[in-house]
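The next block holds one structure in the form of structure tokens; read it before the comments.
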Amino acid sequence: LELSSEVAAAARLLVAHRVQRLSPSSGPPPSAEVAMLGRLSDPMPRYAATVALLTVGATVAGFYMGLRAADRRTTLRWETYRRRSREEVCECGTVLPKNATPEERERHRFSNRHRRNMQQLEHASEVVVCEEVGEYRAAAVQLVKPTDWVLEVGSHVGGTTKVLAGLTSKLIGVDQQPDLVAQARTKMPNVRFEILDAFDAHKVLALSRELAPEKFAKVFIDISGSRDIATVVRLMDQFENTLRPDVMVVKSQALKRLLMRSQLWIHHESQLGSES
């Protein structure tokens with residue numbers, strides 16, 4: 001702080017000195033100011049002052065670039081709003097022109113596309129994707145209710161199971177490793193654990209039928225966060241078509257990265273630009 005104040009003072013003195021050279025009638029600078037300039041003329045203070053000035057310059061440049069990036073994001077959001085104001089998205093996900101006539105809208109509602117989309121959405125599970133265990137367990141705290149039946153796939157030795165058990169008593173943990181299941185049962189004897197391969201659809205369905213007329217409302221999937229995305233999606237698709245849970249919470253680094261770099265074509269920057 002002391003160095004920064006000296007640098008600022010020196011900058012003012014240098015300007016004043018320049019003005020004095022142009023206007024000699026202004027008189028010599030005070031002795032204290034001359035002393036400060038003398039201090040900054042030494043090699044070490046000069047070097048420190050240069051470093052401080054460069055640091056300030058870099059900070060200002062970074063701040064300016066941040067403002068530019070924020071302005072760009074704001075512009076894209078505004079363009080999206082302008083585009084959406086000229087379009088409507090049907091409940092089935094189809095984009096309709098804003099100026100579509102009532103006859104065109106009605107024709108779309110009775111189209112095969114609308115009917116097929118609505119059938120798929122009607123039974124679709126909400127999917128929540130997490131990257132690491134902290135997110136995974138935080139999702140459990142926010143999403144699981146005491147009345148929910150929960151299936152935990154990849155229960156391991158019961159780390160996340162302990163969190164889930166504090167939220168609902170209707171819980172079943174499954175893992176295909178017998179030694180891990182044995183450890184989990186020892187730690188939490190009041191929770192049901194099963195040795196089960198999650199890809200064995202017949203055994204998973206048999207487990208689900210035991211709950212009838214209820215069902216697994218929430219399914220938590222952790223088959224290793226680094227597992228390849230094809231395997232993760234295949235398991236999600238299986239549960240979607242068999243268990244039909246309300247929510248699937250999936251811990252997958254690859255899936256999260258895919259979603260973060262994905263967007264709808266109608267929201268793509270090139271589409272926004274074409275509207276201008």
Side-chain angles (χ1 to χ4, degrees), residues 89-94 109-131 133 135-156 158 160-161 163-176 181 184 191-225 227-256 258-259 262 264:
V89 180
C90 176
E91 58 181 339
C92 76
T94 302
R109 290 187 66 252
F110 285 96
S111 67
N112 290 332
R113 180 181 183 183
H114 179 84
R115 185 173 61 254
R116 183 175 59 251
N117 287 353
M118 291 303 296
Q119 287 175 347
Q120 293 175 349
L121 290 172
E122 183 180 358
H123 302 292
S125 302
E126 178 184 357
V127 177
V128 178
V129 180
C130 309
E131 180 181 5
V133 70
E135 296 178 357
Y136 191 59
R137 294 174 182 174
V141 172
Q142 294 297 321
L143 299 176
V144 175
K145 298 179 293 185
T147 55
D148 289 335
W149 267 105
V150 176
L151 175 66
E152 183 191 6
V153 178
S155 53
H156 204 255
T160 300
T161 314
V163 176
L164 292 168
L167 303 168
T168 179
S169 59
K170 301 178 177 181
L171 170 64
I172 300 177
V174 300
D175 202 290
Q176 62 179 347
V181 172
V191 176
R192 178 179 175 183
F193 292 95
E194 296 290 342
I195 302 170
L196 187 146
D197 181 356
F199 286 97
D200 190 333
H202 294 291
K203 290 185 178 180
V204 172
L205 276 173
L207 200 63
S208 177
R209 291 191 187 102
E210 295 181 20
L211 311 182
E214 297 187 79
K215 69 170 186 176
F216 286 114
K218 311 287 167 57
V219 174
F220 283 74
I221 303 172
D222 180 6
I223 54 173
S224 176
R227 183 68 67 91
D228 64 282
I229 193 169
T231 302
V232 174
V233 172
R234 183 161 62 92
L235 185 59
M236 292 170 59
D237 185 63
Q238 175 183 303
F239 290 156
E240 175 81 17
N241 292 310
T242 55
L243 302 180
R244 301 189 184 281
D246 299 330
V247 180
M248 282 191 286
V249 181
V250 185
K251 186 162 82 69
S252 169
Q253 299 167 5
L255 184 57
K256 181 178 178 179
L258 175 65
L259 293 176
S262 302
L264 298 177

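What's counted below: heavy atoms across the whole structure, side chains too, no hydrogens, waters or symmetry copies.
- A donor-acceptor pair is defined here as one N or O able to donate and one able to accept, closer than 3.5 Å; such a pair exists between the side chain of Ser111 and the backbone of His114.
- The number of heavy atoms from other shown groups lying within 6.0 Å of CZ (Arg109) does not exceed 12.
- Salt bridge annotation for Glu210-Arg192: present, with a cationic side-chain nitrogen under 4.0 angstrom from a carboxylate oxygen.
- Between Tyr136 and Asp222 the shortest side-chain heavy-atom distance falls below 4.5 Å.
- Rounding to the nearest 0.5 angstrom, the gap separating the CZ atom in Arg244 from the OG atom in Ser208 is 11.5 Å.
- Of all non-hydrogen atoms in Val163 and Ala140, the two that sit nearest each other are CG1-CB, 4.4 Å.
- Atoms CD and CG, from Glu126 and Leu143 in turn, are 7.0 Å apart once rounded to the nearest 0.5 Å.
- In this structure, the side chains of Thr231 and Leu235 stay at 4.5 Å or more apart for every pair of heavy atoms.
- You'll find the side chain of Thr168 stays beyond 4.5 Å of the side chain of Trp149, heavy atoms only.
- For the pair Glu152 (side chain) and Thr160 (backbone), a donor-acceptor distance under 3.5 Å is absent.
- For the pair Val250 and Met236, the minimum side-chain heavy-atom distance is below 4.5 Å.
- Rounded to the nearest 0.5 Å, atoms CG (Leu196) and CD1 (Ile172) are 10.0 Å apart.
- Among Leu164, Leu207, Leu171, the single residue meeting the side chain to side chain contact (heavy atoms under 4.5 Å, CB included) criterion with Leu151 is Leu207.
- A salt bridge does not link Glu194 to Lys203: none of the charged side-chain nitrogens sits closer than 4.0 Å to a carboxylate oxygen.
- Here CG of Leu243 is found 8.0 Å from CD of Gln238. Values are rounded to the nearest 0.5 Å.
- Annotation: side chain of Phe199 is in contact with side chain of Arg234 (closest heavy-atom distance under 4.5 Å).
- Ser262 places a side-chain N or O within 3.5 Å of a backbone atom of Leu258 that can act as its donor or acceptor partner.
- The SG atom of Cys130 lies 12.0 Å from the CD atom of Gln253; values are rounded to the nearest 0.5 Å.
- Checked for salt-bridge contact, Glu135 and Lys251 miss the test: no charged N lies under 4.0 Å from a carboxylate O.
- For the pair Phe193 and Asp175, the minimum side-chain heavy-atom distance is 4.5 Å or more.
- Using modelled atom types, one side-chain atom of Ser125 and one backbone atom of Pro245 make a donor-acceptor pair closer than 3.5 Å.
- Under the side chain to side chain contact (heavy atoms under 4.5 Å, CB included) rule, Met248 has a single partner from Val153, Val128, Val129, Val219, which is Val219.
- Under the 3.5 Å distance criterion, the side-chain polar atoms of Asp148 are matched with a main-chain donor or acceptor of Lys145.
- Put simply, OG1 on Thr242 and NE2 on His202 are 11.0 Å apart, with the number rounded to the nearest 0.5 Å.
- Between Val191 and Ala165, the shortest heavy-atom distance links the atoms CG2-CB, 4.1 Å.
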